[in-house]
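Working notes, beginning with the structure itself.
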Amino acid sequence: MPSPQQRLSRFTRDSEAAGSFQITARDIEILRHVAEHRFIRSEWLVKLIGGSRQQLLRRLNLLYHHSYLERPRAQLDYYHESGSKSLVYGLASRGAGRLRRDLNMPFERMDWTTRNKGVGRLFLEHTLMVSDFLAALELDCHNRPDVRLLYAHELPQPKGRENHREPFRWTVDLPGKRRVGVVPDKVFALEVTHPDGRIERTHYFLEADQGTMPIERRDLRQSCVLRKLKSYDGTYATGIHRTRLGAERFRVLIITPQTTRAQNIREAVANLEKGRRLFFVFSDDDWRACDGVLNLVTPHSPAGVNSR
């Protein structure tokens, strides 16, 4: 065991200095959460798993130094700018192997090793936008026995795509004979159990917008937010979600860092021919300041995009 004065490197492994290590059931739970989110901040792991904060941070440290977890080096810039920021974790190959052995989790559900080591800062920030939002949603669901969160692997897979790496992918033909492939940043569902015992499931397609593409272009052959919106709405994607994806009820959640950007996207939604009520658009300030993310995303929420 390291002495109290010995401080382990944050980004260089040293299993010998870290001391002996035996994996526990709680460690497996940590690995499962990390695998689900691809990258996740330690602060969310503390909240999701519960118990002593210091003990959990210690286990994260051991899991990193014993090669079960990665700390992507892309976080070095902003970590050194503010040493109080939570460390970000991804799954390492040893952790993936342990999940496969203990939970029979298929490797295609886990992105790890060299792919995690080589990610750039923009990709990491994009992934953290998604994991921050979903971790907050998952935490809300922990406190609501009538609501169950289901991730993509827990949902019926689209027919014919059960073994695909991206089963929830589809194509849409837009004007000008432009075929567009659509892959949501995250697919999940919420099951709500009503007082009469009726269970209502709603699929959600999450899109994380970093503000790097124009809201609209004259030609939909070029990437823009409007093209993405049209790939979901009822004008060009009629029936796809129901017949191919099995989503009788669905919503599209769009999250973006800037408040002004969120308002501009809402205006683009308002100009759609169909499907305007499908879209909920939030800035980071919107969902972080709200009294529970779950209240924002449920189908009957008054905080939907078009009521703002």
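This structure is a prediction, so every number in the text was calculated from the model and none was measured. The chain is numbered in sequence order, starting from 1.
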**Item:** ring pair (Phe, Tyr, Trp, His ring centres under 6.0 Å) between Phe188 and Tyr204, worked out
**Value:** CA-CA 5 Å; Phe188 64 94; Tyr204 290 84; 5.1 Å; yes
**Message:** Please determine whether residues Val34 and Ile49 belong to a single hydrophobic cluster, defined as Ile, Leu, Val, Met, Phe, Trp and Tyr linked transitively by side-chain heavy-atom distances below 4.5 Å.
**Reply:** yes
**Fill in**
Leu294 and Leu137 have their tightest heavy-atom pair at CD1-CD1, 3.7 Å
**Item:** Side chains of His153 and Glu36, donor plus acceptor under 3.5 Å
**Value:** yes
**Message:** Could you see if Phe21 belongs to whatever hydrophobic cluster contains Leu31? Use Ile, Leu, Val, Met, Phe, Trp, Tyr and a side-chain cutoff under 4.5 Å.
**Reply:** yes
**Asked** Any salt bridge between Glu125 and Arg121, counting N to O under 4.0 Å?
**Response** yes
**Request:** Answer yes if the ring centres of Tyr232 and Trp170 are under 6.0 angstrom apart, and no otherwise.
**Result:** yes
**Pair Tyr64-Arg13, side-chain donor/acceptor within less than 3.5 Å** = no
**Request:** Would you please test Lys47 and Asp132 for salt bridge (charged side-chain N to carboxylate O under 4.0 Å, His left out) and show each step?
**Result:** CA-CA 12 Å; Lys47 293 174 182 177; Asp132 285 350; over 6 Å; no
**Item:** CD1-OG1 distance between Ile199 and Thr193, expressed to the nearest 0.5 angstrom
**Value:** 4.5 Å
**Request:** Give the cluster check for Leu124 versus Leu122: same hydrophobic cluster or not, with ILVMFWY residues linked at side-chain heavy-atom distances below 4.5 Å.
**Result:** no
**Prompt:** Would you call Arg266 and Asp286 a salt bridge, using N to O less than 4.0 angstrom?
**Reply:** yes
**Prompt:** Parallel, tilted or perpendicular: which fits the ring planes of Phe282 and Phe280, with parallel below 30° and perpendicular above 60°?
**Reply:** perpendicular
**Message:** Within the 3.5 Å criterion, strictly below it, is a donor on Gln75 or Tyr89 matched to an acceptor on the partner's side chain?
**Reply:** no
**Message:** Is a donor from one side chain sitting under 3.5 angstrom from an acceptor on the other, for Ser231 and Arg227?
**Reply:** no
**Item:** Cluster link Val183 to Phe39, ILVMFWY, side chain under 4.5 Å
**Value:** no
**Item:** Short N-O contact, Asp219 and Arg217, less than 4.0 angstrom
**Value:** no
